[in-house]
Amino acid sequence: MENFREKDRRAVEAAYEAAKAQYTSLGVDADAALAVLAETPISVHCWQGDDVGGFEVQEEAVDGGGIMATGDFPGRARNADELRADASKAFSLIPGKLRFNLHAIYAETDGERVERDRLGPEHFRRWIDWGKANGVALDFNPTFFAHPLANSGYTLSSADENVRSFWVRHGIACRRIAEVMGRAQGGPCVINHWIPDGAKDQPTDRWGPRQRLMKSLDEMLAVPLDTAFCKDAVESKLFGIGSEDYVVGSHEFYLSYALRRGVVLCLDMGHFHPTETIHDKLSAVLTFQDEILLHVSRGIRWDSDHVVVFNDDVRNVFLELVRGNALARTNIALDFFDASINRIGAWVIGTRSVLKALLYALLEPTERLRNMEADGDLAGKLALLEETKTLPFGAVWDMHCLNRGLPVGPAWLNEMYAYERDVLGTR
Ligand code: RNT
Ligand code: ZN
């Protein structure tokens, strides 16, 4: 494997000073941007580490519920200790304030089969301890898929009362776990509810499942918990594998539900029409809602979960959040999985890309652009937007990596290769 040289500290500092002067001339404070970047939490999803497998003891064949990781890169984490080790490795290569986002299937039950409606905080004790020891706050998700009672394609919206009530109990069990996690970390644990429910082809009843989903969510939320620690969010989707024609929890459904019930709306960047982007939705939704949950992802054709890269879509989302001063009202989380490349690399690439997009937005001369726009100088505004694209953004990013004691530039790849050889390669 190639060895990437680390950039010289003095060269990085000198480039930063020159970049900073350029930003200053546009009215942008690069030091202030770096301070915000260092303090903005990003919730990294655990499921990139093992292809959304989880560690459940299961006896029957299950349907993935539209969740399918493709690829067989060696070294997938096979248990929670390996997953924690891998996540820690990835965290060490990401210059950000990171949280960790767990799913119910990552419970540790010591080889015992524990049904999902019987899960309790005790099954997440090691995760909670790990979070505390590493200063990493946790977020959580019930797992409404990959289970025999999800094989029909319906969970919370099922017409079978046994199935529906099982999933309601699972949701409640998970909310209790989230509250305990929140209490342990002295701040909210965001619990996101996503269900795969839907139909492949032209259901004649689109109404019943939605009424049942509303009822199920209401039953789950009726359990009194401290919302300072358990913060509920609901996530929509347009279509999935096996639910191409109809998804019960659509955008309109959850937008309405979140508004009526005062829960957080989750916007996943990969869950809309293939050419539909979400940056224009932020100012609309946040005009009425206190906060949102963001799943930063990258849709490619029919897949909603490619590894995030520093592209226009992600930049536009962060530009909107910064322009609207809405970072504090946005729970930033990641959602992608790729089993065909080094999984630690996938985590690091995706998360660093999100941090870059955030930094890019923080370095925008928004004040100046706004004034030009207000003055009717629209050509000037468009020109300045274009000019900002070639400002020395990379020099500021390098400085951030250096500040956080991380390898600058592609030098982090050396660490990834070494871990691949010494750890992943032995699994
Ligand atoms: C699925 C949703 C959901 C999942 C995770 C694993 O389409 O995006 O967020 O990816 O819960
Ligand atoms: Zn998602």
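For ligands, and for the atoms within them, numbers begin at 1 and follow the listed sequence.
Listed by number with element, the atoms of ligand 1 under 4.0 Å from a non-hydrogen atom of D335 are 2 (C), 3 (C), 4 (C), 8 (O), 9 (O), 10 (O). Against a heavy-atom cut-off of under 4.0 Å, H271 is close to the following atoms of ligand 1: 1 (C), 2 (C), 7 (O), 8 (O). Less than 4.0 angstrom separates some heavy atom of D268 from each of these atoms of ligand 1: 8 (O).
A donor-acceptor pair is defined here as one N or O able to donate and one able to accept, closer than 3.5 Å; no such pair exists between the side chain of S216 and the backbone of V168. Checked by atom type and distance alone, the side chain of S243 never pairs as donor or acceptor with a backbone atom of F239 at under 3.5 Å. Put simply, the side chain of N134 never gets that close to the backbone of V136: no donor and acceptor are under 3.5 Å apart. Counting only distance, with no hydrogens or angles, the side chain of W302 and the backbone of G240 share no donor-acceptor pair below 3.5 Å.
Ion pair R164/D197 not flagged as a salt bridge, since none of the NZ, NE, NH1 or NH2 atoms sits closer than 4.0 Å to an Asp/Glu carboxylate oxygen. Between R175 and E179 no salt bridge is recorded (no basic side-chain N to carboxylate O distance below 4.0 Å).
Considering each of H103, H295, M269, the one bringing a non-hydrogen atom nearest atom 6 (C) of ligand 1 is H103. Of the candidates F144, W47, W194, the one placing a heavy atom closest to atom 1 (C) of ligand 1 is W194.
Of all protein atoms, those of element N, O or S that lie under 2.8 Å from the Zn ion (ligand 2) number 4.
Remark: the D86 side chain and the Y419 side chain contain an N/O donor-acceptor pair separated by less than 3.5 Å.
For the pair R315 and F310, the cation-pi criterion (under 6.0 Å, within 45° of the ring axis) is fulfilled. A cation-pi contact, defined as under 6.0 Å to the ring centre and within 45° of the axis, is absent between K200 and Y246.
Of the protein's non-hydrogen atoms, the one nearest atom 7 (O) of ligand 1 is K237 NZ, 2.7 Å.
Separating the CG atom in D245 from the CG atom in D201 is a distance of 5.5 Å, to the nearest 0.5 Å.
The distance criterion of under 3.5 Å between nitrogen or oxygen atoms is met by E235 with respect to ligand 1.
Residue contacts with ligand 1 for H45 are absent, since no atom lies close enough (heavy atoms, distance under 4.0 Å).
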